[in-house]
Participant: 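A single structure is presented below for examination.
Since this is a predicted model, take the numbers as computed values, not measurements. Every heavy atom of this structure was used, including side-chain atoms; hydrogens, water molecules and symmetry mates were not. Letters A, B, ... mirror the listed sequences (proteins, then strands); counts begin at 1.
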Amino acid sequence: MRIATWNINSLRARMDRVLAFLERHDVDVLALQETKAKPQQLDLTALQEAGYEVAAHGLNQWNGVALISRVGLSDVRTELPALPLWPEDETGVVEARALGGLVGDGLRIWSLYIPNGRELDHPHYDYKLRWLEALRAEGARELAEDLSAKVALVGDFNVAPLDEDVWDMEFFDGKTHVSEPERAAFRAVVDAGYADVVRGDHPGPGVYTYWDYQQLRFPKRQGMRIDFVLGSPSVQSAVTGSFIDREERKGKGASDHAPVVVDLDL
DNA sequence: ATGGTGGATTATCCA
């Protein structure tokens, strides 16, 4: 089974790229972030004609997530249990930052869009840390129940875990994505049993998944590694290969993120 | 001097 994660920065603006990507790489399951669409705004005809089922979760113009699968899609959940909400919820509305489903032979995959954090002293920064802690707790609970559970936590984590995951640490001094609390929160998810299954075969420095649209960051190779596929032990041991599709960042109409692709022999 | 891109939605917010 070939799974992938991609911050698409508007699914409606890039549906043609998604279809071409799925076909080009023979992808079975694709997790998307920043779909920037409510489910009812999406025209899924072409995806369905290509043999894919789709589940989408979105409430506003920036932080929607989706799962696309041609190997089954069931038990779809639109929120992680006990996930803290932003803004502090009075209406019952929750943010569309997580969407999980069962695909293939019992693999649970979560498409995750971790909060950006904005600034170190912004309320969203604390929200980001709480969100990651809730993800860790839920991930730990899942493995405490069944250590052999096949779980993949994939998506845009908005954290660069190592210094080598950004093009210039001095540039990021005092900024989010590289602060120690964010990195500790990311490591806690890993330590709960969810390993980065890509880094081993694609070590840095200079291996990125995101390049800002501004300042010619992509041609200048000034990027960040912030998109990850984290796998439970049974997923880790099933990995047969992986790659970051840097080509997808090229040309007119590219997302600012590249897809991350992982092959599994479950 | 400096958000110099890009998307969604409409002059502003978000990343």
Side-chain angles (χ1 to χ4, degrees), chain A residues 5-21 30-44 56-66 85-88 93-99 111-132 154-161 165-168 170-179 182-183 185-186 208-228 244-260:
Chain A
T5 180
W6 192 6
N7 181 320
I8 196 64
N9 185 20
S10 173
L11 178 53
R12 282 175 292 174
R14 266 174 271 289
M15 186 64 83
D16 53 343
R17 278 197 179 243
V18 168
L19 287 160
F21 169 76
L30 173 60
L32 294 170
Q33 301 85 39
E34 278 197 75
T35 52
K36 292 187 174 178
K38 299 168 187 173
Q40 64 270 26
Q41 292 177 302
L42 295 170
D43 181 359
L44 305 176
H57 185 32
L59 297 169
N60 56 36
Q61 67 269 42
W62 52 86
N63 52 16
V65 286
L85 309 178
W86 181 270
E88 291 301 338
V93 173
V94 297
E95 277 212 319
R97 295 187 174 274
L99 188 146
S111 179
L112 303 171
Y113 181 48
I114 277 66
N116 173 283
R118 302 191 182 182
E119 308 288 340
L120 295 181
D121 59 358
H122 194 283
H124 270 234
Y125 179 76
D126 180 61
Y127 168 55
K128 179 181 193 173
L129 296 180
R130 290 190 291 121
W131 209 99
L132 282 165
V154 313
D156 178 358
F157 283 74
N158 270 317
V159 177
D165 295 333
V166 297
W167 53 276
D168 179 7
E170 276 189 36
F171 178 86
F172 286 92
D173 187 35
K175 293 188 170 71
T176 61
H177 294 60
V178 302
S179 74
E182 289 166 90
R183 288 178 167 179
F186 180 89
Y208 306 130
T209 64
Y210 162 85
W211 300 260
D212 199 309
Y213 284 125
Q214 302 175 77
Q215 307 284 348
L216 299 173
R217 295 291 184 218
F218 182 67
K220 280 153 53 174
R221 298 184 176 271
Q222 296 176 337
M224 307 170 75
R225 192 204 285 248
I226 55 176
D227 299 87
F228 298 98
I244 297 163
D245 188 11
R246 201 176 172 282
E247 293 300 304
E248 200 49 73
R249 182 62 180 80
K250 297 180 179 176
K252 199 167 178 59
S255 169
D256 43 2
H257 293 249
V260 181

Participant: Using the C1' atom in both, what is the distance from B/dG3 to B/dA11, to the nearest Å?
Facilitator: 15 Å
Participant: Check salt bridge (Lys or Arg N to Asp or Glu O under 4.0 Å) between A/Arg14 and all other residues, then give those that pass, not counting sequence neighbours.
Facilitator: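 Salt bridge (Lys or Arg N to Asp or Glu O under 4.0 Å) check on A/Arg14 returns nothing, list empty.
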Participant: Let me know, please, whether A/Ala254 or A/Gln215 comes out on the 5' side of the other along DNA chain B by nearest nucleotide.
Facilitator: A/Gln215
Participant: Identify, with sequence neighbours excluded, every residue that meets ring-ring contact (aromatic ring centres under 6.0 Å, His included) alongside A/Tyr210.
Facilitator: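 Listed in chain order: A/His257.
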Participant: Find the distance A/Lys220:NZ to B/dT5:C1' and express it as a whole number of Å.
Facilitator: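 Nearest whole value for this atom pair: 13 Å.
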Participant: Kindly write out the residues that satisfy ring-ring contact (aromatic ring centres under 6.0 Å, His included) with A/Phe171, not counting sequence neighbours, or none if the list is empty.
Facilitator: A/Trp167
Participant: Assess whether a salt bridge exists between A/Asp212 and A/Arg217, defined as any Lys/Arg side-chain N lying under 4.0 Å from an Asp/Glu carboxylate O.
Facilitator: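 A/Arg217 and A/Asp212: not salt-bridged.
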Participant: Suppose we screen for salt bridge (Lys or Arg N to Asp or Glu O under 4.0 Å). Which residues come up paired with A/Arg17, at least two apart in sequence or across chains?
Facilitator: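 A/Glu248.
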Participant: Provide the distance between the two C1' atoms, one in B/dC13 and one in B/dT9, to the nearest whole Å.
Facilitator: 10 Å
Participant: Sugar-phosphate means primed atoms, P, OP1 and OP2; the rest is base. With that split, encode nucleotides 8-15 of chain B 5' to 3' as B, S or - using protein heavy atoms under 4.0 Å.
Facilitator: SS----SS
Participant: Scan A/Arg14 against the nucleic acid and name what it touches under 4.0 Å (heavy atoms): base, sugar-phosphate only, or nothing.
Facilitator: sugar-phosphate
Participant: Test of understanding: with ring-ring contact (aromatic ring centres under 6.0 Å, His included), list the residues that count as partners of A/Phe218, not counting sequence neighbours.
Facilitator: A/Trp211
Participant: Separation of A/Arg217 atom CZ from B/dG6 atom C1', in whole Å?
Facilitator: 15 Å
Participant: Between B/dT12 and B/dA1, how far is it from one P atom to the other, in whole Å?
Facilitator: 25 Å
